[in-house]
Asks: 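Can you keep this structure in mind? I'll have questions shortly.
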Amino acid sequence: MSELNHVVPRVSADVLEEVDIACLRLPDGKVWVGYGPFTEVADAPDGPAFYVNDFELGDGRPWKIPARMEVLEKGDEFLVQSEEELNVVWRALEPEWFEMVFRRIRKEVVARRLKKMVPVLTELGVRQSGRMSDLLGRALRAPEGLWAYGRVQGDEGFAGATPELLLKVEGGQLETMALAGTASPVDGGGFVSDTKEIEEHELVAGFIESALSGLGLGVVERGPREVSDASGLTHFRTQLRVTLEERPDLGALVRLLHPTPAVGCLPRDEGNLTQLMEYRKQLHAPGFFGAPFGLKTPDGFYAVVAIRGLGWRGDEVSMPSGCGIVGGSVFDHEWRELRQKRETVSRMLGV
Ligand SMILES: C=C(O[C@H]1C=CC=C(C(=O)O)[C@@H]1O)C(=O)O
């Protein structure tokens, strides 16, 4: 972008509380920044727009058309940032509630009424100084290979960098991925043959494959299960692809795939979804977590699963993390995995 952008913040610090911004960094490194006021519509518009919704898809007008869109060559060019140091004090976690939810889910799985569910453990904190909106810029500087996303509206918002693509539609092709099963580098080499992690992953890949097959289009191409590294964690990833009809209904595609069992439940029926929403509420999961966050450009539509991020409202800050519970899940192992996931976020965003 222009040289001026390198030296002059586009939004000065004293008006940061007024910001109305949505942004997404695509794999080519370019950052699409939309500035409000946003026009909200129910169906995908012809021109560029963001898709922003909550986990329950409760927003009937999820397409947000910015008043102005800017494309930055890279995240470093995003200069909406204040001088004051951001400081958040985190409350101690209380494992009891999460443990109770864990046990209930596992019991349902063992009784074969459920195959998998992803409860969310949320660490809560309070901002002491600085501006939460600084997290947008920090997310946009996250390592390559992650999709950085963010939305700030006045004193509330969320920002993060996720390894998980919900769907990409480009040139008549839909691409998606199953991303589930986690190890950290300290776990040693047993991950590739860990049957519990493989099961957790295969449930997600199978769900996506059958959802795409139900479109009644061409054959769904399913790649091999591969190992993928994302900012200090290792996951299993399977890529899937299908050719689409000419003008797909993008909102319907989001609803078809979301929530996959990587953040939701299997079977994905009314009863299980209602139970999942209840657990999320009890455990203070913020609405953005695990929700689809997308961008439509002249080249395509890109929607990610908003994980590995932070949310805030006023001074209240939340850092959510989820883990898939299957029959072979053990509480202490999942508790540690959740901590590792949050550690990657706090390293990345510096809070
Ligand atoms: C729900 C999260 O991760 C998902 C993505 C990759 C691996 C996952 C897992 O192994 O449970 C989760 O499905 C999170 O990071 O909070």
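Just so you know, ligand 1 is whichever comes first in the structure, and atom 1 is the first atom listed for that ligand. What you are looking at is a predicted structure, and each value in this text was computed from that prediction instead of being measured.
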Asks: Looking only at N/O atoms, are E200 and ligand 1 under 3.5 Å apart anywhere?
Replies: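 N/O-N/O distance below 3.5 Å exists for this pair.
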Asks: Looking at atom 8 (C) of ligand 1, what's its closest protein heavy atom, distance included?
Replies: K341 NZ, 3.4 Å
Asks: Can you find a side-chain donor-acceptor pair between S321 and R342 that sits under 3.5 Å?
Replies: yes
Asks: Are V305 and M277 joined in one hydrophobic group, where the rule is that I, L, V, M, F, W and Y side chains link up if heavy atoms are under 4.5 Å apart?
Replies: yes
Asks: Which of the numbered atoms in ligand 1 are below 4.0 angstrom from a heavy atom of I307?
Replies: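 Near I307, meaning under 4.0 Å from one of its heavy atoms, ligand 1 has 2 (C), 3 (O), 4 (C), 5 (C), 15 (O).
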Asks: Atom CG of residue position D43 - does it have more than 12 heavy atoms of other residues, nucleotides or ligands inside 6.0 Å?
Replies: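 It does not: D43 CG has 12 such atoms or fewer within range.
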Asks: Specify the protein heavy atom at minimum distance from atom 13 (O) of ligand 1: its residue, its atom name, and the distance to 0.1 Å.
Replies: A262 O, 2.7 Å
Asks: Going by the angle between their ring planes, with limits at 30° and 60°, are Y149 and F293 parallel, tilted or perpendicular?
Replies: tilted
Asks: To the nearest 0.1 Å, how far is atom 16 (O) of ligand 1 from its closest protein heavy atom, and which atom is that?
Replies: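 Of every protein heavy atom, G322 N, 2.8 Å lies nearest to atom 16 (O) of ligand 1.
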Asks: Is it true that H201 lies under 4.0 Å from ligand 1, counting heavy atoms only?
Replies: no
Asks: Hey, does R308 come in under 3.5 Å of ligand 1, counting only N/O atoms on both sides?
Replies: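 Yes.
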Asks: Does any N or O atom in G324 lie less than 3.5 angstrom from one in ligand 1, N or O only?
Replies: yes
Asks: Any atoms of ligand 1 less than 4.0 Å from a non-hydrogen atom of E164? List them with their elements.
Replies: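 Once the distances to E164 are compared, the set is 5 (C).
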Asks: Taking the ring of F236 and the ring of F191, is the distance between their centroids below 6.0 Å?
Replies: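 Ring centres of F236 and F191 closer than 6.0 Å.
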Asks: Run the salt-bridge test on R91 and E316 with the 4.0 Å N-O cut-off and return the result as yes or no.
Replies: yes
Asks: Show which atoms of ligand 1 fall inside a sub-4.0 Å distance from at least one heavy-atom site of S321.
Replies: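 The list of qualifying atoms is 16 (O).
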Asks: Which distance, rounded to the nearest 0.5 Å, do you find between the CD of E334 and the OG1 of T182?
Replies: 8.5 Å
Asks: What are the atoms of ligand 1, with element, lying closer than 4.0 Å to any heavy atom of E337?
Replies: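 Answer, ordered by atom number: 9 (C), 10 (O), 11 (O).
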Asks: Does at least one non-hydrogen atom of F289 fall below 4.0 angstrom from an atom of ligand 1?
Replies: yes
Asks: Quick one: look at T182 and ligand 1, take heavy-atom pairs under 4.0 Å, and tell me if it's side chain, backbone, both or neither.
Replies: both
Asks: When clusters are formed by joining ILVMFWY residues with side-chain heavy atoms under 4.5 Å apart, either directly or through shared neighbours, do V118 and L179 land in the same one?
Replies: no
Asks: Would R151 and F38 count as a cation-pi pair here, with the cationic atom under 6.0 angstrom from the ring centre and within 45° of the axis?
Replies: yes
Asks: Which one holds for E197 and ligand 1: side chain close, backbone close, both close, or neither close, with close meaning a heavy atom under 4.0 Å?
Replies: neither
Asks: Please confirm whether V263 comes within less than 3.5 Å of ligand 1 when only nitrogen or oxygen atoms on both sides are compared.
Replies: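 Among all N and O atoms of V263, none is under 3.5 Å from an N or O of ligand 1.
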Asks: Is it true that atom CH2 of W335 has more than 12 heavy atoms of other residues, nucleotides or ligands lying nearer than 6.0 Å?
Replies: yes
